Number of protein chains: 2
Amino acid sequence: MMSISSRFAVGIHILALIEINKDGVSSSEFLARSVNTNPALIRKIMGMLKKAGLIEVNPGIAGAKLSKELSDITMLDVYKAVHVVQDNELFKVHESPNIECPVGRNIQDTIEPLFSTAQLAMENILGKVNLEDIVKDIDKKVEH
Amino acid sequence: MMSISSRFAVGIHILALIEINKDGVSSSEFLARSVNTNPALIRKIMGMLKKAGLIEVNPGIAGAKLSKELSDITMLDVYKAVHVVQDNELFKVHESPNIECPVGRNIQDTIEPLFSTAQLAMENILGKVNLEDIVKDIDKKVEH
DNA sequence: AATACCTGTAACTATACTTATTACATGTAA
DNA sequence: TTACATGTAATAAGTATAGTTACAGGTATT
């Protein structure tokens, strides 16, 4: 039973915490305490978020900042940033089926459009939610 | 980069081939030649399809038959049958975040509905395609 | 009953990805 | 110079997949 790497969930956690802690300094050590993992792991994921243009962070200088508006960062952006699933490869197809069999010869071309559509439907949902939605929801839960 | 086990694609392959070869005998050895893998692996997947009520197959007797109408077997049925993804666990959440942090305490409850909705959107697409669609598409490709 | 062949399944291997961890090179500022 | 930060490589343990061998047990034919 596979599941999509928690890098995605951790990436969202990092971004939300940077925002909610925007008046403080969000070092990898600070973020790691909240996620409850190792600072090195946080820095690896921060590197991915940085490369995707979602955060600004500099060597030697403590703390990270968001580099876009909250509403301009969708969950799909985070998902793509942390490289948990490759485009059009959520579903694995079996390699080298027997091309002498009519089914073996055609099955891949038949199911790939379905797999692609299913993956895109999932990713489309992620694109509809942005970091502002996430942060507001957390704020609402904190008040209660 | 994770992807969903090819058991799903192989399961679809098996079912389509059983149908297209319905006048012949679809033994695990025959199916394995088309998929281009080991008969034991095919039997393992056939066991899952059988347990899900999609095919009929008996010890000692060569060949498998579909146990439902073509249009009554959706790709979602196959997906569930081969246990490639657990309900509501397509996306992994990081375990035991720090509950002393407002984000750590609430992030899971905030993102889980999103993860669940995204997974269901994907699965919903799979439920819209049935084995008849697949077989017709293969037949069409074979004619050309 | 003996045989031949099938399914069902356990056991083992190789491979690959994830997560956690250590270590250290490099950058920054007091 | 120091203290501390980020960036990143290397390693290890855990887990899932895919491939393979082996064999127990069922069925049908001779």
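Treat the numbers as computed from the prediction; the structure is a model and nothing was measured. Every chain is numbered from 1 and lettered A, B, ... according to where its sequence line falls, protein lines coming before strand lines.
- Separating the NZ atom of Lys44(B) from the C1' atom of dC6(C) is a distance of 18 Å, rounded to the nearest angstrom.
- At the phosphate of dG8(C), OP1 or OP2 sits under 4.0 Å from a side-chain N or O atom of Lys50(B).
- Checking dT18(C), dA20(C), dG8(C) against the side-chain heavy atoms of Val57(B) singles out dG8(C) as nearest.
- The two residues Val57(A) and Gly63(A) come nearest to each other via the heavy atoms CG2-O, 4.0 Å.
- Using a 4.5 Å heavy-atom threshold, the side chains of Asn130(B) and Leu70(B) count as separate.
- Comparing dT28(C), dT6(D), dT17(D) by their nearest atom to the side chain of Ser5(B) picks out dT17(D).
- Between Ile45(B) atom CD1 and dT7(C) atom P the separation is 14 Å, expressed in whole Å.
- Residue Leu41(A) has its side chain nearest to dT19(C) when only dT17(D), dT19(C), dC6(C) are considered.
- Here Met1(A) lies in heavy-atom contact (under 4.0 Å) with sugar-phosphate atoms only.
- The nearest whole Å value for the distance from the CD atom in Gln86(A) to the P atom in dT18(C) is 11 Å.
- Ranked by how close their nearest DNA chain D nucleotide is to the 5' end, Glu29(A) and Asn36(B) are led by Glu29(A).
- Between Ser27(B) and Arg43(A), the residue anchored closer to the 5' end of DNA chain C is Ser27(B), taking for each the nucleotide with the nearest heavy atom.
- Residue Lys92(B) contributes atom NZ, which lies 5 Å from atom P of dT19(C) at whole-angstrom precision.
- Contact annotation: Thr37(B) reaches the phosphate of dG19(D) (side-chain N/O to OP1 or OP2, under 4.0 Å).
- The nucleotide whose nearest atom lies closest to any side-chain atom of His94(A) is, among dT8(D), dA28(D), dG19(D), dG19(D).
- The residue among Asn58(B) and Pro59(A) whose nearest nucleotide of DNA chain C is located toward the 5' end is Asn58(B).
- In the set dA23(C), dG7(D), dT20(D), the nucleotide with an atom closest to the side chain of Ala40(A) is dA23(C).
- Rounded to whole Å, the distance from CZ on Phe30(A) to C1' on dT6(D) is 17 Å.
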Practice prompt. Using the side chain to side chain contact (heavy atoms under 4.5 Å, CB included) rule, take Met75(B) and Phe115(A) through it: C-alpha gap first, then chi angles, then the decisive distance, then the call.
Written response: CA-CA 10 Å; Met75(B) 295 305 100; Phe115(A) 286 177; over 6 Å; no
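- Per the geometry, NE2 belonging to His83(B) stands 12 Å off P belonging to dT17(D), to the nearest Å.
- Residue Ser6(B) has its side chain nearest to dA18(D) when only dA18(D), dG8(C), dT19(C) are considered.
- Between the CD1 atom of Ile14(B) and the C1' atom of dT7(C) there is a distance of 13 Å, rounded to whole Å.
- Under the 4.0 Å criterion applied to side-chain N and carboxylate O atoms, Lys80(B) and Asp87(B) are assigned as salt-bridge partners.
- Whole-Å rounding puts the Asn38(B) CG to dT17(D) P distance at 17 Å.
- Salt-bridge formation is not detected for the pair Glu143(A)/Lys140(A): no Lys NZ or Arg NE/NH1/NH2 atom is positioned less than 4.0 Å from an Asp or Glu carboxylate oxygen.
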